[in-house]
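One structure below.
Side-chain atoms are counted along with the backbone in the values below, which use heavy atoms only and exclude waters and symmetry mates. Positions are given from 1, in the same order as the sequence printed here.
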Amino acid sequence: MMARESTRVIRIGDKVIGGGTPILIQSMTNTRTEDVAATVEQIHRLEKAGCEIIRCTVPTQEAAVAIGEIKKQITIPLVADIHFDYKMAIAAMENGADKIRINPGNIGGKDKVAQVVAVAKERNIPIRVGVNSGSLERELVDKYHGVTAQGIVESALDKVHMIEELGYENMVISIKSSDVLMCVKAHELLAAKTDYPLHVGITESGTIISGNIKSSIGLGLILHQGIGDTIRVSLTGDPVEEIKSAKLILRTLGLRRGGIEVVSCPTCGRTKIDLIGLANQVENMVAEFPLDIKVAVMGCAVNGPGEAKEADIGIAGGIGEGLLIKKGEIVKKVPENQLLAVLREELEHWDV
């Protein structure tokens with residue numbers, strides 16, 4: 001298997017992936033790319049949340065031109081997502097896209113692919129070769145008696161070889177399926193056959209709850225094997241949620257440090273405060289602090305100090321009041337409505 005440390009290094013704007021470099025987090029805008037203001041506003045929110053590469057769809061010439069305006073107002077690399085029209089890939093590159101995502105099988109034949117590759121080669125723009133299980137060629141479905149991991153990998157490598165034959169190797173490969181275990185198997189097979197960096201994700205994974213579960217299992221199984229150089233957690237919802245989830249997956253796997261980890265108890269009959277609301281407020285609040293610490297949010301003062309002893313700092317609820325805890329030791333008691341403010345003050349003055 002081609003471990004992450006052995007994949008080729010590919011430059012995307014001012015970022016690099018592959019060769020054992022840190023796994024980068026991606027997302028995709030869900031605004032109309034032609035609406036520059038709305039798209040830039042969303043990208044700024046994603047940047048703030050920790051997005052490191054952003055992808056925008058380019059279905060029209062107007063969208064391709066908008067790429068140039070968007071690029072002037074953001075700081076992270078921009079990938080142009082192309083389907084069906086090779087001219088949009090060329091226009092996106094001419095307007096400053098840092099990378100393009102295409103499926104060479106659906107943009108009009110090898111002669112059209114050659115024209116796209118010629119522009120990419122001239123500008124040294126990487127091509128992400130993307131293949132989804134839903135778009136698998138009929139001959140491969142027939143060959144493998146259905147949509148399979150083997151068919152997905154063969155399809156992707158066919159497209160890669162097509163571009164290699166055109167004299168270009170500045171590529172990233174992305175193979176996706178909504179079937180989690182099929183997706184895992186496909187990545188295992190692909191990693192054994194190529195050293196191109198891989199963009200990993202579970203496509204059409206679903207809403208915040210189902211999408212997070214499927215993505216966590218799939219990405220966890222793939223990344224833990226040393227496969228994958230950049231990831232996207234695809235969710236039906238605000239794309240900022242994708243960034244939060246991706247960061248947590250990487251931290252949980254020990255693949256990224258930094259950022260506050262929030263732990264909280266599941267509540268029980270002893271809970272006398274709005275722990276669910278408080279925990280959500282804490283999770284949202286700590287995202288703005290660049291600290292590598294653990295924060296605990298506990299529901300009662302009975303077990304709170306003990307349960308929070310592994311955390312650097314924590315709060316525990318009581319009846320109309322709560323405790324501020326550091327390293328398992330009670331620091332002070334404050335009214336319930338001041339718990340969040342007290343925690344914020346401690347974080348603002350945290351001695352790193």
*Is the closest side-chain heavy-atom distance between Met88 and Gln61 below 4.5 Å?*
yes
_Rounded distance (nearest 0.5 Å) linking atom CZ of Arg128 with atom CE of Met171_ = 14.5 Å
*Which heavy-atom pair separates Gly18 from Asp229 by the least distance, and what is that distance?*
CA-OD1, 3.3 Å
*Asn30 and Gln42 side chains, donor-acceptor separation under 3.5 Å*: yes
*Find out whether Val141 and Arg138 are in side-chain contact, i.e. whether some heavy atom of one side chain is under 4.5 Å from a heavy atom of the other.*
yes
_Please check: side-chain N/O of Asn103 versus main-chain N/O of Val131, any donor-acceptor pairing under 3.5 Å?_
no
Going by atom type alone, with no hydrogens or angles, which donor-acceptor pairs under 3.5 Å involve a side-chain atom of residues 111-126 and a protein atom two or more places apart or on another chain?
from: Lys121; atom 1: NZ; to: Leu166; atom 2: O; distance (Å): 3.0
from: Asn124; atom 1: OD1; to: Asn170; atom 2: ND2; distance (Å): 3.2

*asked:* One pair to check against side chain to side chain contact (heavy atoms under 4.5 Å, CB included): Lys326 and Lys332. What are the steps and the verdict?
replied: CA-CA 10 Å; Lys326 288 186 178 180; Lys332 61 181 173 181; over 6 Å; no
*Spatial distance of atom CG (Asp85) from atom CD1 (Ile102) [nearest 0.5 Å]*: 12.0 Å
*Answer yes or no: is there a side-chain heavy-atom contact under 4.5 Å between His187 and Gln225?*
no
*Counting only heavy atoms not in Ile276, do more than 12 fall under 6.0 Å of its CD1?*
no
*Taking all heavy atoms of Ile163 and all of Pro104, pick out the closest pair and write down the distance.*
CD1-CG, 4.0 Å
Under 3.5 Å, which donor-acceptor pairs do the side chains of residues 67-76 form with other protein atoms, sequence neighbours left out?
from: Glu69; atom 1: OE2; to: Lys72; atom 2: NZ; distance (Å): 3.1
from: Lys71; atom 1: NZ; to: Asp98; atom 2: OD1; distance (Å): 3.0
from: Lys71; atom 1: NZ; to: Asp98; atom 2: OD2; distance (Å): 2.6
from: Thr75; atom 1: OG1; to: Glu47; atom 2: OE2; distance (Å): 2.4

*Using a cut-off of 6.0 Å, state whether more than 12 heavy atoms not belonging to Lys15 lie near its atom NZ.*
yes
*asked:* Less than 4.5 Å apart, side chain to side chain, heavy atoms only: is that true for Trp350 and Ile313?
replied: yes
*asked:* Using only atom types and a distance under 3.5 Å, with no angle test, would you say the side chain of Glu242 pairs donor to acceptor with the backbone of Ser234?
replied: no
*Is Ser210 reaching over with its side chain to a backbone N or O of Thr207, donor-acceptor style, under 3.5 angstrom?*
yes
*For the pair Glu283 and Lys244, evaluate salt bridge (charged side-chain N to carboxylate O under 4.0 Å, His left out) and give the outcome as yes or no after the intermediate values.*
CA-CA 10 Å; Glu283 192 162 64; Lys244 294 179 183 177; over 6 Å; no
*How about Thr31 and Thr39: does a side-chain donor come under 3.5 Å of a side-chain acceptor?*
yes
*Got a donor-acceptor contact below 3.5 angstrom from the Arg256 side chain to the Ile23 backbone?*
yes
_What's the separation between atom CD1 in Ile217 and atom CD1 in Ile202, rounded to the nearest 0.5 Å?_
9.5 Å
*Out of curiosity, does Ile100 fall in the hydrophobic cluster containing Phe84 (side-chain heavy atoms, cut-off under 4.5 Å, transitive links)?*
no
*For Glu94, all residues meeting side chain to side chain donor-acceptor pair (under 3.5 Å), sequence neighbours excluded*: none
*Please check if atom CD in Glu41 has more than 12 non-hydrogen atoms from other residues, nucleotides or ligands closer than 6.0 Å.*
yes
*Answer yes or no: is there a donor N or O on one side and an acceptor on the other, between the side chain of Asp238 and the main chain of Val240, under 3.5 Å?*
yes
*Verify side chain to side chain contact (heavy atoms under 4.5 Å, CB included) between Thr7 and Leu198, making sure each step is shown before the conclusion.*
CA-CA 8 Å; Thr7 56; Leu198 304 183; 5.7 Å; no
*First locate atom OG of Ser245, then atom CD1 of Ile208, and finally report the distance between them rounded to the nearest 0.5 Å.*
6.5 Å
*In the hydrophobic clustering (ILVMFWY, side-chain contacts below 4.5 Å, transitive), which residues join Val65, or is it alone?*
none
_Ser155 vs Glu137 side-chain heavy atoms within contact, under 4.5 Å_ = yes
*How is the hydrophobic cluster of Val16 composed, in terms of its other members, when Ile, Leu, Val, Met, Phe, Trp and Tyr link through side-chain heavy atoms under 4.5 Å apart, directly or indirectly?*
Val9
*Looking only at heavy atoms, which two atoms of Leu136 and Gly151 are closest? And how far apart?*
CD1-O, 3.4 Å
*Does a side-chain N-to-carboxylate-O contact under 4.0 Å join Lys327 and Asp312?*
yes
_Same cluster (ILVMFWY, side-chain, under 4.5 Å), Ile243 and Leu248_ = no
_Which Ile, Leu, Val, Met, Phe, Trp or Tyr residues join Ile53 in one cluster when any pair of side-chain heavy atoms under 4.5 Å counts as a link?_
Ile10, Ile12, Ile17, Leu24, Val79, Val172
*asked:* Can you confirm whether Glu34 is buried at CD, in the sense that more than 12 heavy atoms of other residues, nucleotides or ligands lie under 6.0 Å from that atom?
replied: yes
*asked:* Please find the pair of heavy atoms, one from Glu188 and one from Ile227, that lie closest to each other, and give the distance.
replied: CA-CD1, 4.0 Å
*Taking all non-hydrogen atoms of both residues into account, name the closest pair between Ile222 and Cys183 and its distance.*
CD1-O, 4.2 Å
*Grab the two heavy atoms, one from Arg251 and one from Glu261, that are nearest each other, plus how far apart they are.*
NH2-CA, 4.1 Å
*Roughly how far apart are Arg55 CZ and His199 NE2, rounded to 0.5 Å?*
5.5 Å
*asked:* Using the rule given for side chain to side chain contact (heavy atoms under 4.5 Å, CB included), can you reason through Ile152 versus Met182, listing the C-alpha separation, both sets of side-chain angles and the distance that settles it, and then say yes or no?
replied: CA-CA 9 Å; Ile152 295 169; Met182 182 188 296; 3.8 Å; yes
*asked:* I'd like to know if the side chain of Thr29 and the backbone of Cys56 have a donor-acceptor N/O pair within less than 3.5 Å.
replied: no
*Knowing that exactly one of Lys143, Lys193, Lys159 qualifies, which makes a salt bridge (charged side-chain N to carboxylate O under 4.0 Å, His left out) with Glu154?*
Lys143
*Val342/Ile315 under side chain to side chain contact (heavy atoms under 4.5 Å, CB included): CA gap, chis, key distance, verdict*: CA-CA 9 Å; Val342 167; Ile315 50 178; 6.0 Å; no
*Distance (rounded to the nearest 0.5 Å) between Thr148 OG1 and Lys185 NZ*: 11.0 Å
*asked:* Looking at Thr194 and Leu190, would you say the former's side chain and the latter's main chain have a donor-acceptor pair under 3.5 Å?
replied: no
*asked:* So does Ile25 get a backbone contact from the side chain of Thr230, meaning a donor-acceptor N/O pair under 3.5 Å?
replied: no
_Option from Leu235, Val180, Ile209, Asp179 for which side-chain contact (heavy atoms from CB on, under 4.5 Å) with Lys214 holds_ = Val180
_A side-chain contact here means heavy atoms from C-beta on lying under 4.5 Å apart; do Met28 and Thr57 qualify?_
yes
